[in-house]
Number of protein chains: 2
Amino acid sequence: MPGKLFRGSSPRSIDPKGRLMLPPEFRDVLVARSDAGGFMLTTYDGCLVAYPQPDWDSFEEQLNRLKSSSRLVRDFKRLVLGGAEEHVCDNQGRIRLSKSHLDYAGIGKDIVLVGQGSKFEIWDQTRFSEVTSQNFDGLAEELSESGIDLPI
Amino acid sequence: MPGKLFRGSSPRSIDPKGRLMLPPEFRDVLVARSDAGGFMLTTYDGCLVAYPQPDWDSFEEQLNRLKSSSRLVRDFKRLVLGGAEEHVCDNQGRIRLSKSHLDYAGIGKDIVLVGQGSKFEIWDQTRFSEVTSQNFDGLAEELSESGIDLPI
DNA sequence: AATATAGTGGGGAAAAGTGGGAAAAGGTGG
DNA sequence: CCACCTTTTCCCACTTTTCCCCACTATATT
């Protein structure tokens with residue numbers, strides 16, 4: 001599916017008028033994947049997750065196909081669908097995060113944009129460094145028991 | 001099925017006269033789905049659930065088709081049918097929640113309106129953050145066992 | 001040095017949001 | 001059954017925020 005992918009992270013900050021500029025690399029990927037360059041931003045794992053429009057559409061369709069008979073599924077949809085907002089950059093490549101997004105992601109002023117292949121994420125800087133400073137030995141071990149040996 | 005969907009959440013509050021303003025995006029979806037913009041609001045999962053008139057009508061029809069032979073079905077109808085109230089926004093896009101709705105949803109002053117595709121929900125802020133701060137890893141795993149791999 | 005691209009700042013129109021006055025409706029007590 | 005009081009509704013006017021665009025500075029590239 002994918003040609004261009006979101007990769008790498010860029011530290012950013014929110015300007016006095018509340019605007020956040022996306023790195024040009026990400027903007028390029030966005031226009032490559034959906035020609036208008038629009039994307040959806042939703043909430044998960046304490047950060048904001050951005051999907052180019054076409055990817056979001058199929059994701060949403062999957063969500064709507066899920067049977068809503070269990071409370072857990074309904075709550076999951078509340079988080080993901082309820083967190084979804086459409087975004088388009090202005091002429092300078094900036095967006096404005098909503099109050100509830102800032103809130104959910106605990107975003108103060110310093111931000112990291114993190115490429116994740118077909119999507120990217122927006123993190124509060126402090127939260128992100130907590131995530132990345134974890135010890136992953138447990139996982140590596142678990143994987144190696146399933147015969148997966150990562151070249152780390 | 002339809003084009004415009006309810007998405008995203010907006011934090012709101014009830015004004016001194018007891019009025020709650022719907023976000024413009026939601027109002028747009030309402031008029032798109034039912035041209036008068038009227039909707040039904042009922043009670044479930046500890047929140048208020050809003051259905052555009054046409055969606056409600058077919059929902060209600062399904063409910064009425066249910067055999068009322070079990071107590072559980074009757075109680076369910078008591079909750080859902082008994083909790084249903086019709087609403088129309090005023091010129092500024094505001095509605096007034098009834099005492100029993102405020103009560104059922106445990107609504108104090110701070111509220112979140114949550115888009116859920118073809119419907120939206122009204123939550124007390126505190127209750128809603130409990131919902132969204134859950135850990136959904138169990139669900140993700142369960143889904144992936146049924147062959148559904150969400151792009152989260 | 002010149003040109004293109006990245007990044008910053010801000011003005012101003014339009015939309016969103018707030019508050020309140022006054023009419024209508026509904027409820028209560030005599 | 002009527003008069004009075006309270007609550008609700010409807011609409012107008014004001015304030016605040018958001019959005020869209022333009023202009024400027026800085027950085028990089030050839």
Interatomic distance, [X] [atom1] vs [N] [atom2] [rounded to whole Å]:
X         : N       : atom1 : atom2 : value
Phe26(B)  : dA16(C) : CZ    : P     : 14 Å
Asp15(B)  : dT16(D) : CG    : P     : 17 Å
Leu102(A) : dT18(D) : CG    : P     : 10 Å
Ile14(B)  : dG19(C) : CD1   : C1'   : 16 Å
His87(A)  : dC19(D) : NE2   : C1'   : 13 Å
Leu20(B)  : dT9(D)  : CG    : P     : 14 Å

*Relative to the 5' end of DNA chain C, which residue comes earlier, Arg27(B) or Arg19(B), by the nucleotide with the nearest heavy atom?*
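Whichever sits nearer the 5' end wins; that is Arg27(B).
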*DNA chain C: Lys17(A) or Arg12(B), which has the more 5' nearest nucleotide?*
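That would be Lys17(A).
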*Exercise: do Thr42(B) and Glu85(B) side chains pair donor with acceptor under 3.5 Å*: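 There is no such pair (donor and acceptor under 3.5 Å, judged by atom type) between the side chains of Thr42(B) and Glu85(B).
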*Once you round to the nearest 0.5 Å, how far does CH2 of Trp123(B) lie from CD of Glu130(B)?*
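These two atoms lie 9.0 Å from each other.
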*OG-CZ distance between Ser68(B) and Arg78(B), expressed to the nearest 0.5 angstrom*: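 Spacing of OG (Ser68(B)) from CZ (Arg78(B)) equals 8.5 Å.
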_Phosphate contact (dT7(D) OP1 or OP2) by Arg96(B) side-chain N/O below 4.0 Å_ =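 It does not, given that no N or O in the side chain of Arg96(B) lies less than 4.0 Å from OP1 or OP2 of dT7(D).
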*Using a cut-off of strictly less than 4.0 Å, decide whether Asn91(B) has a side-chain nitrogen or oxygen near OP1 or OP2 of dC10(D).*
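The answer is no; no side-chain N or O of Asn91(B) sits under 4.0 Å from OP1 or OP2.
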*asked:* Classify the ring geometry of Phe26(A) against Phe120(A): parallel below 30°, tilted from 30° to 60°, perpendicular beyond 60°.
replied: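 If you compare the ring of Phe26(A) with that of Phe120(A), the planes turn out tilted.
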_Can you tell me how the ring of Phe59(A) sits relative to the ring of Tyr51(A), calling it parallel under 30°, perpendicular over 60° and tilted otherwise?_
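Plane angle between 30° and 60°, so tilted.
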Nearest to side-chain heavy atoms of [X], which nucleotide of [options]:
X        : options                  : value
Gln92(A) : dC22(D), dA6(C), dG21(C) : dC22(D)
Asp90(A) : dT8(C), dG12(C), dC21(D) : dC21(D)
Arg94(A) : dG19(C), dG7(C), dG10(C) : dG10(C)
Pro16(A) : dC20(D), dG9(C), dG17(C) : dG9(C)

